[in-house]
Amino acid sequence: MPELPEVEVVRRGLADHVVGRTVTAVSVGHPRAVRRHLPGAADLCGRITGRTVACAHRRGKYLWLTFADDPDEALVVHLGMSGQMLVQAAGVPREKHAHIVADLSDGSQLRFVDQRTFGGWALAPVTVVEGTAVPVPVAHIARDPLDPLFDAEAAVRAIRSKRSEIKRVLLDQTVVSGLGNIYVDESLWRAKIHGNRSAAGLSRPVVRSLLAEATAVMRDALTAGGTSFDALYVNVNGQSGYFERSLNAYGRADEPCRRCGAPMVREQFMNRSSFSCPRCQPPPRR
DNA sequence: CCCCTCTCCTGATCGC
DNA sequence: TGCGATCAGGAGAGGG
């Protein structure tokens, strides 16, 4: 389940193995993978073919490639739940869920593989938001904590302005981007905050420390190469991440809290699983 | 405008 | 052995 660290690992892989190559052909095997490109698959293939990749960008969980001939258009990639960007030799058998395959000028192929088809590719114009060029589909996404221009105090204000539970707010990509269910639970555990507490009810110092923990957990995960739970997530070369051994909250129901030893609990929240320590992270009174 | 629920999808796993 | 139910969750549409 790719969140910011995993997506950044993919971006680096694209920077190393795709930037500088020219797309010589593209084929789309599953129309759902390009559903956000409204003019359709043929249009997307036609407009990418012949172009040279200039740069690989990321904000939060969104990736985009820009091309050497036109900085005002980008290929926006979202990995969704299970998307992979694989660079393979052309002779390697096509994966079962390889929905888009782009032939590159060095003889390799860039393949978009996505079992659950929540992700996809789309071409979009680039616009400028707060001094930074981003594709239009990314314009509403907030800066992530690893962005050099991330404004932590502005993020603290944005979080505390929400009349909703803190976990819901952290998952809202328009407030702070990059966090998904796993790293939100890890951040809340590190900061000793229950996800059902009101965002507006948290003090400024508490929200500051929560943001600092979120930043730290994502940096740590990035250092370790991204989290992986199964073969659904692999980086651009097909290598799995290995950060899962370091998780303190996610997936640890009934196991002892690594801080206090109390059995961790699993609760349902927003139709998803939440993991927390009942002692370190007391739930709010209702 | 803000908040929240629902829906899309496939494969692994479990109980009967 | 087979089959239906359940679970995994990012993000946008649409409802209140």
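Keep in mind the model is a prediction, meaning the values are calculated, not measured. Quick note on labels: first sequence line is chain A, next is B, and so on, each numbered from 1. Just so you know, these numbers use all the heavy atoms, side chains as well, and skip hydrogens, waters and symmetry mates.
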Write down the distance between [atom1] ([X]) and [atom2] ([N]), rounded to a whole number of angstrom.
X: A/Asn271; N: C/dC7; atom1: CG; atom2: C1'; result: 11 Å
X: A/Arg35; N: C/dA13; atom1: CZ; atom2: C1'; result: 13 Å
X: A/Tyr62; N: C/dA11; atom1: OH; atom2: C1'; result: 6 Å
X: A/Arg272; N: C/dA8; atom1: CZ; atom2: P; result: 9 Å
X: A/Ile182; N: C/dG10; atom1: CD1; atom2: P; result: 8 Å
X: A/Gln115; N: B/dC8; atom1: CD; atom2: C1'; result: 14 Å
X: A/Lys162; N: B/dC3; atom1: NZ; atom2: C1'; result: 9 Å
X: A/Asp172; N: C/dA11; atom1: CG; atom2: C1'; result: 10 Å

Side chain of [X] (C-beta onward), nearest among [options]:
X: A/His97; options: C/dA11, B/dG11, B/dC9; value: B/dG11
X: A/Glu165; options: B/dT10, B/dC4, C/dG10; value: B/dC4
X: A/Ser273; options: C/dA11, C/dG10, C/dA8; value: C/dA8

Exactly one candidate in A/Arg190, A/Arg272, A/Lys167, A/Arg266 meets salt bridge (Lys or Arg N to Asp or Glu O under 4.0 Å) with A/Asp185; the answer is A/Lys167
The bend of the helix from B/dC2-C/dG16 to B/dC16-C/dG2, taken between the axes of its five terminal pairs at each end and rounded to 10°, is 50°
Shared-cluster residues of A/Val129, by chain and number - hydrophobic side chains joined below 4.5 Å: A/Tyr62, A/Trp64, A/Val76, A/Val134, A/Val138, A/Ile141
Less than 3.5 Å apart, any donor N or O on the side chain of [X] or [Y] sitting next to an acceptor on the other?
X: A/Glu213; Y: A/Tyr183; result: no
X: A/Gln115; Y: A/His99; result: no
X: A/Gln88; Y: A/Glu95; result: yes

Answer with base, sugar-phosphate or nothing: what part of the nucleic acid does [X] contact at a heavy-atom distance below 4.0 Å?
X: A/His140; answer: sugar-phosphate
X: A/Phe269; answer: nothing
X: A/Arg168; answer: base

Phosphate oxygens OP1/OP2 of [N]: is one of them under 4.0 Å from a side-chain N or O of [X]?
X: A/Lys96; N: B/dG11; result: yes
X: A/Ser82; N: B/dC9; result: no
X: A/Lys61; N: C/dA11; result: yes
X: A/Tyr250; N: C/dA8; result: no

What is the distance from atom CG of A/Asp103 to atom OG1 of A/Thr24, rounded to the nearest 0.5 Å? 4.5 Å
Is A/Val101 reachable from A/Val53 through a run of hydrophobic residues whose side-chain heavy atoms are each under 4.5 Å from the next? no
By nearest-nucleotide position on DNA chain B, the 5'-leaning member of A/Thr117 and A/Arg163 is A/Arg163
Report the residue (A/Arg32 or A/Met270) whose heavy-atom-nearest nucleotide on DNA chain B is the more 5′ of the two. A/Met270
May I ask you to decide if A/Trp189's main-chain N or O and A/Arg259's side chain share a donor-acceptor pair within less than 3.5 Å? yes
